[in-house]
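Keep in mind that this is a model prediction, so the values were computed, not measured.
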Amino acid sequence: MANLFSKEAQEQLKSLKSTLSTGRDTTSDDPKDVKPTDPVSLPTQKQVNKTVKQLGSQHIDDDKVLFMQAMAGVQPIEDKNVISPVDKPKANKPDATVLSKRAAAQGSDAPTLGAGLSDMQALLNPVAGDAYLAYKVATLQSKVFNQLKQGKMRWYDAVDIHGCSIDEARAAMTQLLAQAKANNETVVKIVHGKGVDAILKTCVNGWLRQLPEVLAFCSAPPKDGGNGAVLVLLKKTKTDKE
């Protein structure tokens with residue numbers, strides 16, 4: 001079929017089609033009147049559906065998809081005002097140094113508890129680092145003692161005396177017991193560790209046997225420290241109603 005347009009007209013039509021496909025370049029002194037010259041590339045319906053499927057939501061339109069594309073690669077600013085769960089102080093485990101200082105405080109029951117303790121009596125009966133410790137007064141029911149050994153009795157507070165001197169360990173232990181007595185708590189945990197010579201373990205084993213407030217103690221179950229810790233059962237504080 002013969003072309004009805006002249007060669008010149010064909011060139012003009014070709015030029016017009018090229019201009020329409022790329023956008024019209026408009027020059028203006030006012031920046032507000034400047035129009036974009038590049039074609040706008042919207043995501044295809046297939047791309048939108050893919051994004052919806054990835055995010056598991058049907059409430060995403062083209063505007064939201066464009067926004068997500070624009071924000072791609074943007075990293076959120078870390079909020080340092082939020083305390084990480086890892087950094088939160090652990091409850092029910094007072095610091096041994098703090099407890100030893102409390103023991104020296106005026107009016108504390110800890111000096112009374114520790115006043116009659118003999119380090120020599122404790123050290124004359126050394127125990128091995130891997131030894132299982134077990135002690136109970138004659139009047140305590142075996143059923144109750146077995147519950148303590150099986151870890152079925154809840155402990156309330158604990159102290160870790162690793163790295164302490166004998167004096168610091170004694171003060172921290174007696175302060176923990178005084179604190180438990182004041183709060184009417186019957187079971188506490190002392191983490192003494194094992195060590196090569198097991199000095200602190202030997203001391204704790206000897207000290208606890210000398211205290212009338214202690215009904216029983218035994219090495220903790222594996223989940224609570226195993227042979228590196230002891231669970232201590234204390235006499236229940238009598239109230240006015242009892």
May I ask you to test the [X]-[Y] pair for a side-chain heavy-atom distance under 4.5 Å?
X    : Y    : answer
V187 : V232 : no
L176 : D157 : yes
N205 : F217 : yes
L140 : V137 : yes
L233 : V144 : yes
V230 : H192 : yes
L211 : V214 : yes

Using 0.5 Å steps for rounding, measure from the [atom1] atom of [X] to the [atom2] atom of [Y].
X    : Y    : atom1 : atom2 : answer
L234 : Y156 : CG    : OH    : 11.0 Å
R209 : Y135 : CZ    : OH    : 7.0 Å
E213 : T174 : CD    : OG1   : 10.5 Å
L215 : L208 : CG    : CG    : 12.0 Å
D160 : I190 : CG    : CD1   : 11.0 Å
W207 : T202 : CH2   : OG1   : 10.5 Å

For [X] versus [Y], what's the shortest heavy-atom pair and its separation?
X    : Y    : result
I161 : A172 : CG2-CB, 4.2 Å
G151 : P221 : CA-CG, 3.6 Å
A198 : A128 : CB-C, 4.1 Å
L200 : S165 : CD2-O, 4.3 Å
A169 : C164 : N-CB, 3.9 Å
C218 : Y132 : CB-OH, 3.7 Å

Of all pairs that satisfy salt bridge (charged side-chain N to carboxylate O under 4.0 Å, His left out), the ones with a partner from residues 116-145, not counting sequence neighbours: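 For residues 116-145: D119-R170, D130-K194.
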For F145, enumerate each residue passing the ring pair (Phe, Tyr, Trp, His ring centres under 6.0 Å) test, keeping only those at least two apart in sequence or located in another chain.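 Ring pair (Phe, Tyr, Trp, His ring centres under 6.0 Å) list for F145, sorted by chain: empty.
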Return yes if some donor-acceptor pair links the side-chain N/O of [X] with the main-chain N/O of [Y] below 3.5 Å, else return no.
X    : Y    : value
K201 : G129 : yes
Q150 : Q147 : no
D224 : A220 : no
E185 : K181 : no
N125 : Q121 : yes

Mind checking what makes side-chain hydrogen bond (donor to acceptor under 3.5 Å, both in side chains) contact with N227, not counting sequence neighbours?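 For N227, no residue satisfies side-chain hydrogen bond (donor to acceptor under 3.5 Å, both in side chains) once neighbours in sequence are set aside.
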